[in-house]
Amino acid sequence: MYITFIAPPAAGKGTFSKMISKKYGIPHISTGDFLRNTNDENIKQKLTNGEFINDEIITNLLFDRLNENDSKEGYVLDGFPRNLNQAKIYDTYLENKGKKQIVLILDLPKEIAAKRIIGRKTCPNCGAVYNDMFDNLKPTQKDICDKCQNHLVHRTDDNEETFEKRYQTYLEETYPLVKHYENKKNAHHIKADDEANKIFKEIEKIIGGLNGDN
Ligand code: AMP
């Protein structure tokens, strides 16, 4: 199972990737996480400014990861491809292996994405995601993870100004992939403005339907 997410910032691709990974026992591969863990000052600055990292760096990082043993039978990709060039390189990579991808497109209005981004906090220890802007997503104790009691952190690129830039980049660079995958007939739209468990049920239906167990 080779799953690809196309989504604007804060639509939940990280959250749903983790849920898919857990349920189907496949690795969750996040290009954003690779980059956030780097010590390269140039990359850090680009992340803070909401700019994309160049295609060569990102494809090298990704393909090294995809060559690891745990990725042979599938994975869920979170954050790649982000533009048409990356999509074409990746499509060719999968076609050469005779593998098909399932493309999940998360649709979310810009105003909701903005609200989610500004309040988003994550646990650096267990990866749980919270949001101070939504009562049902706040941690019980301010800035403390409910699950492991670690201190929550706010991503440096989760602010209003960087959001505008990231959203604009999404529209210009990533949104054209929606048409690209619709034309290839492997795109599945999901309304991302709902409660996470309900959205995940939709995702399970799509995956189950394609695997013939629904
Ligand atoms: P994400 O965690 O997926 O929102 O990614 C965070 C940031 O990492 C993005 O805003 C980009 O700056 C960078 N990034 C992640 N994936 C890619 C990619 N495939 N191509 C270029 N930049 C990326």
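Only heavy atoms go into these numbers, but all of them, side chains included; no hydrogens, no water, no symmetry mates. Counting starts at 1 for both ligands and their atoms, in listed order.
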Practice task
Check whether NZ of the Lys or CZ of the Arg K115 lies under 6.0 Å from the centre of the six-membered ring of F134 and within 45 degrees of that ring's axis.
Solution key: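 Yes, a cation-pi geometry.
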Exercise for the section: Using a strict cut-off of less than 4.0 Å between a Lys/Arg side-chain nitrogen and an Asp/Glu carboxylate oxygen, indicate whether E73 and K99 qualify as a salt bridge. Expected result: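 Between K99 and E73 there is no salt bridge, as every charged N stays at least 4.0 Å from the carboxylate O atoms.
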Handout entry: Sequence neighbours excluded, every pair satisfying side-chain hydrogen bond (donor to acceptor under 3.5 Å, both in side chains) that has a member inside residues 5-21
Key =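 For residues 5-21: K13-D78.
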Problem - Residues that E195 engages under side chain to side chain contact (heavy atoms under 4.5 Å, CB included), provided they are two or more places apart - result: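 Expected list: N197, K198.
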Practice task
Output all residues satisfying side chain to side chain contact (heavy atoms under 4.5 Å, CB included) with E56, sequence neighbours left out; order by chain, then residue number.
Solution key: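 E56 satisfies side chain to side chain contact (heavy atoms under 4.5 Å, CB included) with N54, N60 only.
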Could you tell me, for ligand 1, which of its N or O atoms are under 3.5 Å from any protein N or O, listing the pairs and their distances rounded to 0.1 Å?
residue  : atom   : partner : partner atom : Å
ligand 1 : 2 (O)  : R36     : NH1          : 3.0
ligand 1 : 2 (O)  : R36     : NH2          : 2.9
ligand 1 : 3 (O)  : K13     : NZ           : 2.6
ligand 1 : 3 (O)  : R82     : NH1          : 3.0
ligand 1 : 3 (O)  : R82     : NH2          : 3.3
ligand 1 : 4 (O)  : R82     : NH2          : 3.3
ligand 1 : 4 (O)  : R155    : NH2          : 3.3
ligand 1 : 5 (O)  : R82     : NH2          : 3.3
ligand 1 : 12 (O) : E51     : O            : 2.6
ligand 1 : 16 (N) : T31     : OG1          : 2.8
ligand 1 : 16 (N) : G79     : O            : 3.2
ligand 1 : 16 (N) : R82     : NH1          : 3.4
ligand 1 : 19 (N) : G79     : O            : 2.9
ligand 1 : 19 (N) : Q86     : OE1          : 3.0
ligand 1 : 20 (N) : Q86     : NE2          : 3.0
ligand 1 : 22 (N) : I53     : N            : 3.1

Exercise for the section: Check whether the side chains of T162 and D157 place a donor and an acceptor atom closer than 3.5 Å, and report yes or no. Expected result: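 On atom types as modelled, these side chains do not qualify, holding no pair under 3.5 Å.
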